Trainee: 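Attaching a single structure in structure tokens format; questions to follow.
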Amino acid sequence: MGKFLHSFFSPLGFRHAVPQVWDGFQTNIRLMVIAELLVLFFALALAIVRGLPGRATLPLRVLAIAYTDFFRGTPIIIVAFIVGFGLPGLQLGFISNRSITAYGILALTLVYTAYVSEVFRAGIESVHPSQRSAARSLGLTYAQAMRYVVVPQAVRRVIPPLLNDFVGLQKDTALVSVIGVAEAASLAQQFSTQNGDFASLVVAAVFFILITIPLARFTDHLVAERERRERAQAF
């Protein structure tokens with residue numbers, strides 16, 4: 001028991017590990033924030049493309065479905081390898097000369113755009129067709145009906161599942177360490193190897209938990225509030 005406590009919960013190990021792991025965790029935060037913003041934009045665009053009407057838009061819908069299926073079915077580590085090692089190896093100037101952090105953000109964005117687009121699509125499809133019909137009867141074009149009527153309702157409905165996906169994204173920022181991004185998990189592992197204990201890994205876990213638990217509780221609160229409003233409207 002004493003050896004376990006010394007290896008994982010050494011006060012001296014904590015004191016030495018916190019500054020180094022915190023430096024890496026700031027990279028995790030940047031990865032999370034930038035990737036989330038990109039994912040929100042591209043996922044909503046992808047979901048809207050999936051719902052475009054008419055035969056003329058069929059190729060776009062097929063491409064959107066293919067993208068979603070591919071990146072939902074591919075492990076994020078493989079995507080990180082392809083992006084982080086494959087793109088630099090192509091020697092294509094601007095594309096191949098980005099920083100490792102940029103490739104990490106790209107890998108996260110590619111994968112989570114596929115997941116979040118399905119969340120947005122479910123929200124859009126949950127809006128009753130009569131809403132679209134009413135908007136069109138008022139003279140709005142399809143694009144205007146989506147912008148002013150359908151999408152705002154859909155986004156409000158999917159906020160809780162969106163937050164759940166972003167909890168997952170925040171944790172998955174640690175996976176891009178496989179391409180050399182110096183984030184909290186990789187620095188904690190280096191510190192652990194150098195010092196022969198695991199306190200730094202516990203520190204890294206605590207940093208992640210300090211973000212994920214509040215987000216999870218906030219999501220639970222939003223779900224409870226929505227259920228309360230729905231019960232009130234039922235009466």
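No hydrogens, no waters, no symmetry mates; every other heavy atom, side chains included, goes into these values. All values derive from a computational prediction rather than experimental measurement.
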Trainee: For Phe191, enumerate each residue passing the ring-ring contact (aromatic ring centres under 6.0 Å, His included) test, keeping only those at least two apart in sequence or located in another chain.
Mentor: none
Trainee: Any chance you could measure Leu58, atom CG, to Ile65, atom CD1, to the nearest 0.5 Å?
Mentor: 8.0 Å
Trainee: Do the side-chain N and O atoms of Arg72 and Thr68 include a donor-acceptor pair separated by under 3.5 angstrom?
Mentor: no
Trainee: Rounded to the nearest 0.5 Å, how far does CD1 of Ile209 lie from CD1 of Ile211?
Mentor: 11.5 Å
Trainee: As an exercise, state the distance from CD1 of Ile34 to CG of Leu106, rounded to the nearest 0.5 Å.
Mentor: 12.5 Å
Trainee: Mark yes or no for whether Thr219, through its side chain, and Leu163, through its backbone, hold a donor-acceptor pair below 3.5 Å.
Mentor: no
Trainee: Compare all side-chain heavy atoms of Val18 with those of Arg15 and state whether any distance is below 4.5 angstrom.
Mentor: no
Trainee: Decide ring-ring contact (aromatic ring centres under 6.0 Å, His included) for Phe208 and Phe25; before the verdict, give the C-alpha distance in whole Å, the side-chain angles of both, and the deciding distance to 0.1 Å.
Mentor: CA-CA 8 Å; Phe208 280 100; Phe25 192 66; 5.2 Å; yes
Trainee: Assigning hydrophobic clusters by single linkage (Ile, Leu, Val, Met, Phe, Trp, Tyr; side-chain heavy-atom cutoff under 4.5 Å), is Leu40 placed with Leu215?
Mentor: yes
Trainee: Could you point out which residue of Leu46, Val151, Val158, Ile48 forms a side-chain contact (heavy atoms from CB on, under 4.5 Å) with Phe120?
Mentor: Val158
Trainee: How long is the gap from CD on Gln170 to CG on Leu31, to the nearest 0.5 Å?
Mentor: 10.5 Å
Trainee: Within a reach of under 6.0 Å around CZ of Phe218, are more than 12 heavy atoms found that belong to other residues, nucleotides or ligands?
Mentor: no
Trainee: Regarding Ser133 and Arg136, do their side chains bring together a donor and an acceptor under 3.5 Å, going by distance alone?
Mentor: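 The answer is no; no qualifying pair exists.
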Trainee: Are the side chain of Ser117 and the backbone N or O of Ala43 linked by a donor-acceptor pair below 3.5 Å?
Mentor: no
Trainee: How many angstroms lie between atom OG1 of Thr113 and atom CG of Leu108, to the nearest 0.5 angstrom?
Mentor: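 Answer rounded to 0.5 Å: 10.0 Å.
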Trainee: Donor-acceptor check, side chain of Tyr103 to backbone of Ala80, threshold 3.5 angstrom: yes or no?
Mentor: no
Trainee: Would you check if the side chain of Tyr112 reaches a backbone N or O of Gly168 as a donor-acceptor pair within less than 3.5 Å?
Mentor: yes
Trainee: Output the distance between atom CD1 (Ile76) and atom CZ (Phe71), rounded to the nearest 0.5 Å.
Mentor: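 Ile76 CD1 to Phe71 CZ: 11.0 Å, rounded to 0.5 Å.
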Trainee: Can you name the residues that form a side chain to side chain donor-acceptor pair (under 3.5 Å) with Asp165, not counting sequence neighbours?
Mentor: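 If we apply the side chain to side chain donor-acceptor pair (under 3.5 Å) test to Asp165, skipping adjacent residues, there are no hits.
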Trainee: Quick check: do Ile179 and Val181 have side-chain heavy atoms less than 4.5 Å from each other?
Mentor: yes
